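Quantities reported herein were computed from a predicted structural model and do not represent experimental measurements.
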Amino acid sequence: MRLRYLVALMALFPMAMAAQPGRVIPQQRQNTPFQRQQPVPQQPGPQSAIEANLQKLLVAESAIANLYVDDVDEEELVKDAIVGMLEELDPHSTYLTPKENESTQETLTGSFDGIGIQFNMVQDTLFIVQPIVDGPSEKVGILAGDRIVSVNDTAIAGVKMSQEAIMKRLRGPRGTRVNLGIVRRGVSDTLKFTVVRDKIPVTTVDAGYMIRPGIGYIRISSFGATTVNEFETCLSELQSQGMQQLILDLQGNGGGLLMAAVGIANEFLERDRMVVYTEGRRQPKSGYVSDGHGKFRNGKLLVLIDEFSASASEIVSGALQDWDRATIVGRRSFGKGLVQRPIEFHDGSMIRLTVAQYFTPSGRCIQKPYGKDVDYGHDIVERLNHGELTNPDSIHFPDSLKYSTMIEKRTVYGGGGIMPDVFVPLDTTRTNQYYRDITAKSVVLQTGLQYVEKNRRSLERRYPDLDAYLADYQVGQDIYDLMLKKADDAGVKFDQEQFDHCKPIFDVQLKSFIARNLWGMNGYWRAIESLDLTLMRALELLENGQ
């Protein structure tokens with residue numbers, strides 16, 4: 001086993017040093033219309049120092065395995081050594097176990113094998129929010145509001161089984177069968193269904209609709225293998241409804257695949273516009289350019305970002321800002337601009353090793369500072385404490401961090417993250433401790449689920465579509481009675497004054513969770529949009545012709 005690890009480690013170094021520029025994941029090794037011709041990287045130098053260091057690692061591991069006073073898990077020992085090395089480098093070079101690697105790939109590739117449901121855990125029972133349209137569960141007659149109580153005759157409700165353990169039983173290879181026990185409101189007996197597992201898509205476009213006449217809204221939650229196709233489909237639908245202006249919402253979007261970001265930026269740019277370039281110690285400068293075939297190269301465009309928009313989100317917003325193609329609205333983005341190259345091991349584990357940095361077309365480095373003297377993990381908290389999230393006047397940039405946009409020569413700022421053109425402060429006065437306690441215990445979400453479970457049929461009869469629901473539904477005292485009881489059961493002490501202060505927010509959130517359970521994510525985002533101050537500011541800019 002030690003020999004296998006030595007071979008793996010020795011293979012690692014030349015792979016990393018000869019990494020081809022501009023390519024971040026194995027799926028990107030083919031040429032793309034966005035990629036410029038790259039220079040051939042120089043061959044690595046003599047390996048004597050590397051070999052000497054590897055020999056030290058081998059001797060140390062061998063000595064521990066053979067001489068240490070107690071038994072040791074050699075595999076765990078090697079894993080810990082790898083993790084220790086990576087922790088000395090940067091915040092984003094990481095080790096993934098085989099299970100973590102598999103889970104990450106599902107998110108990025110856009111699919112997994114399963115039964116096709118959206119669900120939440122209500123107490124200790126799996127509650128089906130919606131079966132995925134045309135998915136395996138819907139095809140056999142499973143309905144929204146059903147509860148799964150057994151999988152292959154093994155009880156999963158009332159036994160305190162972890163969500164991970166439940167998902168392991170539900171997922172499986174495409175074409176295999178799983179027997180489900182279903183409890184349905186109004187039916188006394190447990191229903192039995194046999195579901196044939198299939199490939200289930202993982203969507204990344206959360207919502208897309210006409211938010212105002214002529215104004216479209218598209219929200220992207222992450223950048224995966226299907227994001228560009230999803231976006232183009234949504235964009236075409238909105239254009240057919242008369243969309244002339246677009247709000248692209250990247251708030252809270254933590255990133256994903258580089259080529260998905262390049263593809264989205266390409267939708268808005270003329271031909272031969274640099275989208276992003278990378279450069280590192282062993283990575284020559286290389287970039288990606290637009291091909292001029294984008295479907296929304298004209299028309300007013302606003303991009304929404306916040307302090308949790310990272311990586312691929314920053315590539316898109318930085319490129320569109322630098323080319324004066326979009327107005328960026330919100331708060332400074334996270335500042336994650338390091339390029340990771342995945343290197344897999346024989347057991348399915350992987351390290352993601354930082355090999356370069358991302359730069360916007362104007363030359364701004366997206367990555368915020370990091371190192372031993374920087375509290376990288378608490379940066380967002382520090383921004384709040386220093387006033388950056390609430391007061392734009394607290395932000396000062398030295399001349400060395402000022403850059404000019406490519407066409408209009410406007411001043412933009414580097415130093416980590418993308419600074420918006422229009423700042424929207426975080427409003428910390430709208431909530432209080434009672435609200436935070438309610439939210440931490442998922443009380444509002446659970447209330448919405450339980451309310452829909454009890455009232456689904458009457459709600460569907462009264463509100464035939466989402467428009468009717470949004471126009472007419474009012475949160476009543478009955479749902480508040482349910483929410484306050486659930487809060488009390490969760491140990492949240494009632495405070496009348498704090499409750500009254502946050503009641504307008506609770507009204508919108510409860511209505512939104514009910515809409516989600518009845519009409520999916522589009523319903524949720526349409527119902528909750530009034531709480532998003534950045535979105536409201538963007539609408540104000542468009543409606544005022546700015």
Decide yes or no on side chain to side chain contact (heavy atoms under 4.5 Å, CB included) for Val151 and Ile166, but give the supporting numbers first.
CA-CA 8 Å; Val151 180; Ile166 293 173; 5.5 Å; no
Heavy-atom count check: over 12 atoms from other residues, nucleotides or ligands less than 6.0 Å from Asp73 CG?
yes
Is it the case that atom CG in Asp71 sees more than 12 heavy atoms from other parts of the structure closer than 6.0 Å?
no
Expected output: side-chain Glu388 to main-chain Arg383 donor-acceptor under 3.5 Å:
no
Around atom NZ of Lys99, are there more than 12 heavy atoms of other residues, nucleotides or ligands at under 6.0 Å?
no
Evaluate side chain to side chain contact (heavy atoms under 4.5 Å, CB included) for Met167 paired with Phe119, printing each intermediate quantity in order.
CA-CA 11 Å; Met167 293 307 300; Phe119 72 94; 3.4 Å; yes
Tightest non-hydrogen contact, residues Val275 and Ser290, listed as CG2-N, 4.1 Å
Exam field: side chain Gln321 to backbone Met419, donor-acceptor pair closer than 3.5 Å
yes
Does Arg332 come within less than 4.0 Å of Asp306, counting only side-chain N to carboxylate O?
no
Ser93 (side chain) donor-acceptor with Leu353 (main chain) under 3.5 angstrom:
no
CZ-CE distance between Arg341 and Met350, expressed to the nearest 0.5 angstrom
10.5 Å
Kindly indicate, with the supporting measurements, whether the criterion side chain to side chain contact (heavy atoms under 4.5 Å, CB included) is fulfilled by Glu230 and Thr203.
CA-CA 8 Å; Glu230 291 178 53; Thr203 58; 3.4 Å; yes
Do side-chain atoms of Asp146 reach the backbone of Ile142 as a donor and acceptor pair under 3.5 angstrom?
no
What closest approach, in Å, do Lys79 and Tyr95 show between heavy atoms, and which atom pair accounts for it?
CG-CE2, 3.1 Å
Are any non-hydrogen side-chain atoms of Val339 and Tyr358 less than 4.5 angstrom apart?
yes
Any heavy-atom pair between the side chains of Lys336 and Ile366 that's under 4.5 Å?
no
Carefully, step by step, assess Ile528 and Leu531 under the rule side chain to side chain contact (heavy atoms under 4.5 Å, CB included).
CA-CA 6 Å; Ile528 207 166; Leu531 291 184; 3.9 Å; yes
Name the atoms and distances for all side-chain donor-acceptor pairs under 3.5 Å in residues 437-444, with sequence neighbours left out.
from: Asp437; atom 1: OD1; to: Gln433; atom 2: NE2; distance (Å): 2.9
from: Thr439; atom 1: OG1; to: Tyr435; atom 2: O; distance (Å): 2.9
from: Lys441; atom 1: NZ; to: Ala490; atom 2: O; distance (Å): 2.8

Results of salt bridge (Lys or Arg N to Asp or Glu O under 4.0 Å) for Arg516 - residues two or more places apart only
none
Within the 4.5 Å heavy-atom criterion, are Ile218 and Val205 side-chain neighbours or not?
yes
Please find the pair of heavy atoms, one from His92 and one from Gln367, that lie closest to each other, and give the distance.
CD2-OE1, 4.2 Å
Look at atom CZ of Arg436 and say whether more than 12 heavy atoms of other residues, nucleotides or ligands are closer to it than 6.0 Å.
yes
Using atom types as modelled and distance alone, determine if a side-chain donor or acceptor of Asn266 lies under 3.5 Å from a backbone N or O of Val262.
no
Does either side chain, that of Thr204 or that of Thr227, offer a donor lying less than 3.5 Å from an acceptor on the other one?
yes
Where Ile115 and Leu170 come nearest, the two heavy atoms and their spacing
CG2-O, 3.7 Å
Can you list the steps and then say if Thr176 with Arg197 is a side-chain hydrogen bond (donor to acceptor under 3.5 Å, both in side chains)?
CA-CA 6 Å; Thr176 58; Arg197 297 181 179 98; 2.8 Å; yes
Smallest separation among heavy atoms of Pro136 and Val196, with atom names:
CB-O, 3.2 Å
Show me the pairs that pass salt bridge (Lys or Arg N to Asp or Glu O under 4.0 Å) and involve residues 307-317, at least two apart or across chains.
Glu307-Arg331
Please check: side-chain N/O of Ser333 versus main-chain N/O of Ile418, any donor-acceptor pairing under 3.5 Å?
yes
Rounded to the nearest 0.5 Å, how far apart are CD1 of Ile220 and CG of Asn253?
7.0 Å
What is the distance from atom CG of Leu126 to atom CD1 of Ile148, rounded to the nearest 0.5 Å?
5.0 Å
Looking only at side-chain N and O atoms, does Asn179 offer a donor or acceptor that is under 3.5 Å from a partner on Thr194?
yes
Lys486 side, atom NZ; Leu449 side, atom CG - distance, nearest 0.5 Å:
8.5 Å
Do the side chain of Ser137 and the main chain of Ile117 share a donor and acceptor less than 3.5 angstrom apart?
no
Here the pair of heavy atoms bringing Gly363 nearest to Tyr277 is CA-OH, 3.5 Å
Is a side-chain N or O of Ser309 found less than 3.5 angstrom from the main chain of Leu250, in a donor-acceptor match?
yes
Would you say that Val276 contacts Phe359 through its side chain, given a criterion of any heavy-atom pair below 4.5 Å between the two side chains?
no
Any non-hydrogen side-chain atom of Gln357 less than 4.5 Å from a side-chain atom of Glu279?
no
Evaluate the side-chain proximity of Ile247 to Leu304: yes if any heavy-atom separation is below 4.5 Å, no if none is.
yes
Could you grab the distance from atom OG1 of Thr278 to atom CD of Gln283, nearest 0.5 Å is fine?
5.5 Å
Does the side chain of Asp206 reach to within under 4.5 Å of the side chain of Asp249, using non-hydrogen atoms?
no
Kindly compute the distance separating NZ (Lys368) from CG (Asp379), expressed to the nearest 0.5 Å.
3.5 Å
For Ser311 and Gly255, indicate whether the former's side chain and the latter's backbone hold a donor-acceptor pair under 3.5 Å.
no
Can Asp113 and Arg171 be counted as an ion pair, charged N to O under 4.0 angstrom?
no
Is it true that the side chains of Thr154 and Asn152 contain a donor and an acceptor less than 3.5 Å apart?
no
Just wondering, do Tyr217 and Leu535 contact through their side chains at under 4.5 Å, heavy atoms?
yes
Between the side chain of Asn517 and the main-chain N/O of Phe513, is any donor-acceptor distance below 3.5 Å?
yes
Describe, in one word, how the ring planes of Phe334 and Tyr376 are oriented to each other, choosing from parallel (under 30°), tilted (30 to 60°) and perpendicular (over 60°).
perpendicular
